[in-house]
Amino acid sequence: MSVNQQTHTGPPYGQPQPGYQGYQQPAYGGQPLPGVPHSQYGVYNGPMPGYQQPVPPQGSVRAPSTSGTSLSSGHLGYSPFGQGDVQNGIPASTAPMQRPPASQPFLPGSAPVPVSQTSMLQQYGPPPASVQQLSNHMAGMTIGSTSTSAPPPAGLGYGAPRPPTMPGPPLPVQTAAGPPTSQPNHVSSPPPPPSTLSGPYPGPPMSGLRGPPPPTHPPQPGYQMQQNGSFEQVRGPQTNYGGAYPGTPNYGSQPGPPPPPKRLDPDSIPSPQLNELPPQQKPRHRIDPDAIPSPIQVIEDDRSNRGSEPFVTGVRGQVPPLVTTNFLVKDQGNASPRYIRCTSYNIPCTSDMAKQSQVPLAAVIKPLATLPPDETLPYLVDHGESGPVRCNRCKAYMCPFMQFIEGGRRFQCCFCSCVTEVPPHYFQHLDHTGKRVDFYDRPELSLGSYEFLATVDYCKNNKFPSPPAFIFMIDVSYNAVKSGLVRLICEELKSLLDYLPREGNMEESAIRVGFVTYNKVLHFYNVKSSLAQPQMMVVSDVADMFVPLLDGFLVNVNESRTVIISLLDQIPEMFADTRETETVFGPVIQAGLEALKAAECAGKLFIFHTSLPIAEAPGKLKNRDDKKLINTDKEKTLFQPQTSFYNNLAKDCVAQGCCVDLFLFPNQYLDVATLGIVTYQTGGSIYKYAYFQLETDQDRFLNDLRRDVQKEVGFDAVMRVRTSTGIRATDFFGAFFMSNTTDVEMAGLDCDKTITVEFKHDDKLSEDSGALLQCALLYTSCAGQRRLRIHNLSLNCCTQLADLYRNCETDTLINYLAKYAYRGVLNSPVKTVRDALINQCAQILACYRKNCASPSSAGQLILPECMKLLPVYLNCVLKSDVLQPGLEVTTDDRAYIRQLVTSMDVAETNVFFYPRLLPVTKADVDSDSLPAAIRNSEERLSKGDIYLLENGLNIFVWVGVNVQQGLIQNLFGVSSFSQISSTLNTLPVLENPFSKKVRSIIDMLQVQRSRYMKLIIVKQEDKLEMLFKQFLVEDKSLTGGASYVDFLCHMHKEIRQLLS
Ligand SMILES: [Zn+2]
């Protein structure tokens, strides 16, 4: 806890939360319980009884329908129009072209959707410049070219590992090579050689030291350097820091002050006291893994220390509990850590200090974060016609830190010091302490987070927005149809459309919906409520996309329900026999964008796409995947888009408020780096299901889709972060677009998206006034209401580096560093990025050592308490697939992960980089609690136990070879280990306590994550275990990633070099 904490003017601790009568509390989304965290998704929220997941036919192409819809057989269809407007499987209308598409009659009793000739619809867009004869082209297509061969077995959520191709034995890792010279990549860098070690140690030279440690010493707690450059881990009972850490009797002459008995402050890891050991016993020094900082211990300590009391935000610069701790937040003037977390809550007063420490000053902001049910959503404040009260100069919004003066007639801005008149309608008297008497009645004066109702001045073109629209755009090419995907999506949408986001108590969602299907041409559907049947309009001129209908394309679900259901029933039939394998992609987004433009609203496109868009069209791509580029200077090109087309398109989308969510189902490379650009820059989400198979992947996909459709989202959003004098926001990371240096623009921003903002000094700060942040997000709610969400946070400032290090948050630091590095790979060789990360962290730790730690032997590694996990977590970032690809990781996987991480919050990056490993056989079946997690190392696994490992994208169930037969029977319903099928992607539902407990733990984990995790069963010594082992991040990785112990040694060496 910082010594210079100060209370601000907010309500004191324990003060009851004001009631704010008269302020509405907006509710978000279509969720019956606003603010409920993800949990409702697991069970598909909403009161719909009997809602079931449709189980469409699996895996194969449907047989042609025998009903009247058989007219849709593809080969019949082409001839009448022959202009690309009809193709495989699309029922061709036999009616002649008619001008207004809406007047196209639909044949009663016959499913085919009438086709309108697009070129007739010139009023909606430019006429097609060239209409191609597609039928010939189509006829030339062969299904054989689709490469849909043999779907692979279970893989990672984002990848497609193929166990059969896994190499047998683990690759040897070159960590024990000769002494490193300068700063090589840590992976190939061995631990410090003896010569490096000997220098800094006080006492007798140890160059002659050789031989094992004396028998009386092992296993020594603590940290011992290995002379010959290799390490071995000493097994021992898991011990607490208190016991195993420095200060233990074994470490007799430890320099410096004795550490406190319980906590490590400073957290010092003793280095080997080599001089005390007999020379002949030196060579096999060992590091006890139990004696190096344990993430599990830190997490557990924080839980027990901070989990029981609410986190009250009234105090400036308070470091919140860790993201892994369950705690309640009470807003008393600063934004909840669910909205903003900082790398440090105590900022150096000067730029020089900040540079010296190398600690990045950053805030991870999640403006629309979901709150637990027992926390209060931001109140909605209406300042009337003149809009929110703001500072005249810097335009900061009214907040708890503004100072009212002159009897309340003016206020001085806490950000820029400018004095502004209080508008007459906002005037209020001050009490004897200078506080407005309505202080507790106004959220914007007493709370850290609240919303303002925006006036028309805050709207595009000075016009209040229309409610947003959702457009579902379904790839109906051969792969999509054959896998059963098209049918699955259509079935699901029938029910899901009843769960569109709703505002507060509104009866129904204001969101309108539209439908498009596509392969190499686009099919628009008129689903106007007055129609008996939906109508299809085909646009084959994809070079100049336009929307062939306005009226009837975007509709209210309830009004058009019958027509929509009919359409969703027909789509799978219409394309059942398609042979079209090629797709377009750019025109699909363009079509959605044009539709929103025409409707003058913002919205979201849900695109379900299967393949590299190689059909002739704008945004056409080629397969440029090349794994040989890995570890070369050209590796960065794998992360860059292959064309600027999508960047330009993204810009147009942002201008319109068109957010793009992308669901990808690739069977091969489809260039996520390029296809994902629009999603990324519009604030959308990307999901990837490689080798999608209905039976194994449908649950995951449907859960993701449901959550994605239902979640709270704002549109046409602009975020600006204001700061008090002395610092300013200089850099931004996340899924957004920026057209200037201050405004973060997002076509859509949902409750899961995070923006990380970095700050730099532009002047001195003062300890007295501290530093303030105000994040203002202007957005359109799902009902079309324009609002401003404001989050305020006050931080301390320090003149002593020790205060900085005492108030850091390593999880947030890692979130920032990962995003920084993941952006770096776009422009620099991956090795350069990794080396820079290591160097920065070494500087951070060296600065602490030099300026803050108690004097001690230079041979000791001393880590600041708040950063003692920095090395282990940093190593996980370095070993992640983006910076060091694993064996089976594809280029698309890496691009996908890169994009995902960029929008992750701190909790997500925490579990993604250091997965949670739970011994479920140790779980108490009678309790609701989770078993205590263990460290991610193979040697922590017992052959007789079963474990769960989750990282936010996957859940592994690891089964040891010696697990009792009874447990296997209870969990898998089979009688022996050998009978367990590793192709299961769900656990059987068995009526026994153990099965129930494990399944309930899995459910619990699923609802905590923003994506549905893929379940993978791993049997010990089975092939899939290789995959699993990549997630045991404290161990050496198969592709050369250092073990935690090795990396810690490497960091130690780096630090010592910086200090010498
Ligand atoms: Zn100001």
Side-chain angles (χ1 to χ4, degrees), residues 6 8-10 316-317 333-335 339-340 342 347 349 351 361 363 365 367 378 381 383-384 386-428 430 434-436 438-439 442-455 457-458 718-730 732 740-744 757-778 787-797:
Q6 300 176 4
H8 72 79
T9 55
R316 186 174 88 188
N334 282 288
Y339 296 123
I340 308 182
C342 294
I347 300 179
C349 277
S351 155
L361 304 174
I365 307 177
V381 179
H383 277 182
S386 52
V389 176
R390 307 172 70 172
C391 165
N392 269 347
R393 185 159 74 192
C394 74
K395 304 294 177 192
Y397 294 87
M398 182 50 64
C399 74
F401 311 117
M402 297 289 187
Q403 203 66 49
F404 285 86
I405 54 176
E406 297 178 24
R409 287 188 303 277
R410 298 167 144 213
F411 67 92
Q412 183 166 29
C413 177
C414 50
F415 296 93
C416 74
S417 302
C418 173
V419 173
T420 300
E421 299 275 336
V422 173
H425 68 85
Y426 196 64
F427 174 80
Q428 189 52 265
L430 309 183
K435 191 186 280 184
R436 279 174 63 123
D438 61 353
F439 182 87
R442 289 194 176 270
E444 75 276 20
L445 298 182
S446 51
L447 295 180
S449 300
Y450 43 88
E451 294 204 321
F452 287 118
L453 202 56
T455 57
D457 296 337
Y458 294 83
V718 183
M719 186 184 100
R720 181 178 287 196
V721 179
R722 290 181 174 80
T723 47
S724 52
T725 311
I727 53 165
R728 70 197 155 84
T730 54
F732 302 84
N740 58 44
T741 55
T742 52
D743 294 325
V744 176
V757 183
E758 185 179 9
F759 302 95
K760 290 255 160 65
H761 287 76
D762 54 11
D763 204 347
K764 274 189 181 157
L765 299 168
S766 99
E767 283 183 293
D768 285 345
S769 46
L772 301 176
L773 313 178
Q774 182 177 77
C775 163
L777 177 81
L778 175 64
R787 290 188 188 151
L788 283 146
R789 182 172 285 202
I790 313 293
H791 298 298
N792 301 287
L793 186 63
S794 60
L795 302 170
N796 284 327
C797 297

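In listed order, ligands and their atoms are each counted from 1. This chain uses plain numbering: 1 for the first residue, then up along the sequence.
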Has Cys418 got an N/O/S atom less than 2.8 Å from the Zn ion (ligand 1)? no
Could you tell me whether a side-chain N or O of Ser449 sits under 3.5 Å from a main-chain N or O of Asn792, the two making a donor and an acceptor? no
Can you spot which of Val721, Leu777, Ile340 makes a side-chain contact (heavy atoms from CB on, under 4.5 Å) with His791? Ile340
Need one value: angle at the Zn ion (ligand 1), Cys416 atom SG versus Cys391 atom SG, rounded to 10 degrees. 100°
Any donor and acceptor pair, going by atom type alone, linking the side chain of Gln412 with main-chain N or O of Ile405 inside 3.5 Å? no
Angle at the Zn ion (ligand 1) between SG of Cys413 and SG of Cys394, to 10°? 100°
Specify whether Phe404 and Tyr426 have parallel, tilted or perpendicular ring planes, treating 30° as the upper limit for parallel and 60° as the lower limit for perpendicular. tilted
